[in-house]
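Here's the structure, in C-alpha cells; my notes come after.
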Protein chains: 2
Amino acid sequence: MGDETRAADAVVSALEHQIVSGALKDNSPLPAERMLMDQFGTSRTVIREAISMLAGRGMVESRPRFRPIVRKPDYGTVLDATGNIVSHLLNEAGGIENMYRSRMFVERGLVRQAAQLATKEDIAALQQALLDNQSAIADSDRFYNTDVAFHGVLYRVPKNPIFPALHRGYSSWLAPQWKQMKRSVDRNQRNFEAHKAIFDAILLRDPDLAESALDDHLNAAWNHVRDTFGPNLD
Amino acid sequence: MGDETRAADAVVSALEHQIVSGALKDNSPLPAERMLMDQFGTSRTVIREAISMLAGRGMVESRPRFRPIVRKPDYGTVLDATGNIVSHLLNEAGGIENMYRSRMFVERGLVRQAAQLATKEDIAALQQALLDNQSAIADSDRFYNTDVAFHGVLYRVPKNPIFPALHRGYSSWLAPQWKQMKRSVDRNQRNFEAHKAIFDAILLRDPDLAESALDDHLNAAWNHVRDTFGPNLD
DNA sequence: GAGGTAATTTTGGTCGTACCAAAATGCAAA
DNA sequence: TTTGCATTTTGGTACGACCAAAATTACCTC
C-alpha cells in the first residue's frame, strides 16, 4: 500500500455505501466473510477488521458467532452507537446531572413548541398517552412505560426524526438510574397530575405555563433522583 | 471460546476502561500491537480487531501506518464519532432541513436561557464575540469564524459540556453546505446586525424578544440556504 | 555538543494457512 | 411434514511470513 488508503478502509466505505443505498438490506445479515473476500479481492484479515470498524460505528450489529446484521443508519442508530461512551460519561462526577439538565432543556423547548404548534393529532396522541398513564397508576412498571410514552409524544411534535431518536437516547441513557428508583402509587399519582398540568397548558396554547409545568415536574423528579442517590451525583 | 464473550470484546472493554480511567493518556499513542499481544495474551488478529472496533467507536483515532492515538471520550468525541453516519443522513431528502431545524430549536432555548440566566462573564463573552464579528464584516472568511464563535458563546451559557459539544457537532455537520454559500459584505453586515439584536434582547433579559430575534436571524439564513441549493433540500 | 545522514530496528498492513466450535444446511427415515 | 443425524459452512483465533513506512540508533563532521 503505497498511498494513504488502507484496504480495510476501502472495504468499510464500500460496505457503508451498500448499506446506505439499500443494496444491503436493513436487518439482513452481511454476506459471509469468505464471500466478501472474493467480492473485494482481499484477505480475511482485512474483511474482519472492516467489519469490526463498522460494528463500532453502529452500521452493523455483531454478535459472537453469528453473521453481522445490517443496521441502516438513522438518528436512532447514531445514538445507539454512542451508548457505550455516554455510559462512561454518565459515571463521571456531574455526568448524570448534565445529561438530565440537557433533557430538561430539550423538553422545555418541546412543550413550548407543542403549546404553539401542536396539531389536532398531536393533542389526541397526548390525550391518549395521558389516559394510558392514568390507568397505570396502580401498576408501577406499566406507569413507567406510559410515563416514557407520554414524554415520547412530545418528541414527535416537531415532525423531525432527530427528536424521537433523542427521546430514545435519553430513555436508554437514563434508564439505569430510573430503574433503581423507588416507586409508589402516591408518586405515580403525583407524576400523572404533573403530566396533566403540562397537557392542560398545551391545550391552553400557553408556552410559558407549559414550560413552567414541565419544569415543576422534572425538577421534582430530579430531586427524587438526588434523594435516591445522594450527593455523589454532583 | 465456549461462552459468549469474544476475546476481541474483552480487549475492547479493557482498553476502554484504561482510556476512561486515564491509565492510557488522552492524545498519547496506544501501546504497540506486539506489546498488547503480550499484555492480553492473545494473537495479533484479536488485537487488530479490537483496535478497529475502538476506532469505530471514536475511542482511538487511527491513521494509516501510525500508532492509534487515544481519544478520551467526551461529548465532543461522541459526536465526532457520529459524523460519518450523520453525513449520510444529511444526504437524504429533508436531511439538511431536519438538522438545521433541530439547531434552531436548540438555539431558541439557548437564547431564552441566556436572557434569563446569563452571568456577567457570559455577557462579556457575547459582547467580545460581537465586536470580533463586527470587525470581520469586510473579510468573509473571518466573518464566518466569528459568526460560529458568537453562536458558540451561547452554547456555553448553560455550563454543561453537552452543549459546547453539540455546537461543535452542528458546526462540522453543517459546514459542507455553509462552505458553498455565497457571501458578501452586505450579507455579513445584516448577519452582524441580527447578532446584535439577539445580544440586545439578552441584555434586556427578554427571552421572548431574544427568541424572536434568533428566529428572524436563522430563518433568514435558512432562506439563503434554500436559495443556494434549490428545492432538492425538501 | 549539535546537526545531518545512513543503517538498523520496530511497527503497522496484509496475506495465507491451519484448526476449532458453533450455526446452518442437507438428507434420510418415520 | 417433522425429526434426527451427518455434513458443510461459517465465525473466532492463532501463527508465520513478508513488506513498506516510521522510529530509533549509530556514525561522522563541524
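Each chain gets a letter, A, B and so on, in the order its sequence line appears, and its residues count up from 1.
In terms of polar N and O atoms assigned as donor or acceptor, the side chain of B:Arg44 never comes within less than 3.5 Å of the base of D:dA14 in a complementary pairing.
Looking at A:Asp122 and A:Thr119, their side chains do bring a donor and an acceptor atom within 3.5 Å of each other.
Between B:Ser43 and D:dA14 there is a side-chain polar atom (N or O) within less than 4.0 angstrom of OP1 or OP2.
Annotation: salt bridge (Lys or Arg N to Asp or Glu O under 4.0 Å) contacts of B:Glu33 (sequence neighbours excluded): B:Arg44, B:Arg48.
In this structure, the CE atom of B:Met53 is 10 Å from the P atom of D:dG12, given to the nearest Å. The distance between atom CZ of B:Arg48 and atom C1' of C:dC15, rounded to the nearest whole Å, is 12 Å. Distance, B:Ile47 CD1 to D:dG12 C1': 14 Å, rounded to whole Å. Distance B:Leu30 CG to D:dA23 P: 15 Å, rounded to the nearest Å. Note: CD (B:Glu49) to C1' (D:dT13) measures 8 Å, nearest angstrom.
The residue from A:Tyr155, A:Phe150, A:Tyr75 that alone fulfils the ring-ring contact (aromatic ring centres under 6.0 Å, His included) condition with A:His167 is A:Tyr155.
Sequence order on DNA chain D of the closest nucleotides to A:Thr45 and A:Arg67 puts A:Arg67 first from the 5' end.
Relative to the side chain of B:Arg65, the nucleotides D:dG12, C:dG13, C:dT14 differ in distance, and C:dG13 lies closest. Each of D:dA14, C:dG13, D:dG12 was ranked by its minimum atom distance to the side chain of B:Val46; first place goes to D:dA14. Of the candidates C:dT14, D:dG12, D:dT13, D:dT13 carries the atom nearest the B:Ala7 side chain, counting heavy atoms from C-beta on. Distance from the side chain of A:Phe66 is smallest for C:dA24 among the nucleotides C:dT14, C:dA24, D:dT13.
Using a cutoff of 4.0 Å between basic side-chain nitrogens and carboxylate oxygens, B:Arg6 and B:Glu49 are not scored as salt-bridged. Of the charged side-chain nitrogens involved, at least one lies within less than 4.0 Å of a carboxylate oxygen, so that A:Asp80 and A:Arg168 count as a salt-bridged pair.
Aromatic ring orientation, A:Trp222 versus A:Tyr100: parallel (interplanar angle below 30°, classes split at 30° and 60°).
Smallest separation of non-hydrogen atoms from B:Ser140 and B:Arg183: O-NH1, 3.4 Å.
Within a heavy-atom distance below 4.0 Å of DNA chain C, the residues of residues 31-38 of chain B found are B:Ala32, B:Glu33, B:Arg34.
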